[in-house]
Amino acid sequence: MRIDIRCAADLVPVVAANIQRGVDQVYRAHQGASASTVRTVLKRKFGRAIGTTAIEVLAGCISDGNTPVIMSSSR
């Protein structure tokens, strides 16, 4: 299958929305849990789909009880 890379920018909002849904699920289930627990859950949920730095930031945010918001920088 071939993908036209010119359309990749159109996928950014879709991917961001999918990641946001997953992060929201983790937040609802694990807000206030230790950062290491949240990190483990995020790694299990996203695998390598998001980077280690993003997982660390999200884990800290969720552990602190703050709702993370995923934003695309393409706009």
Is the shortest heavy-atom distance from the side chain of Arg48 to the side chain of Lys43 under 4.5 Å? no

Which heavy atom of Asp10 sits nearest a heavy atom of Pro13, and at what distance? O-CD, 3.4 Å

Euclidean distance, Arg39 CZ relative to His30 NE2, rounded to 0.5 Å: 14.0 Å

Any chance you could pull the hydrophobic cluster mates of Ile55, using side-chain heavy atoms under 4.5 angstrom and chaining through other members? Val15, Ile19, Val23, Val26, Tyr27, Val38, Val41, Leu42, Phe46, Ile50, Leu58, Ile62, Ile70

If you compare all heavy atoms of Ala59 against all heavy atoms of Ala35, which two are closest, and at what distance to 0.1 Å? CB-O, 3.8 Å

Measuring from Cys61:SG to Glu56:CD, what's the distance to the nearest 0.5 Å? 13.0 Å

Kindly indicate, with the supporting measurements, whether the criterion side chain to side chain donor-acceptor pair (under 3.5 Å) is fulfilled by Thr40 and Thr37. CA-CA 5 Å; Thr40 300; Thr37 298; over 6 Å; no

Rounding to 0.5 Å, atoms CD (Gln31) and CG (Asp64) come to a distance of 11.5 Å

Looking only at heavy atoms, the pair that brings Ser34 and Ser63 closest together is C-OG, 3.7 Å

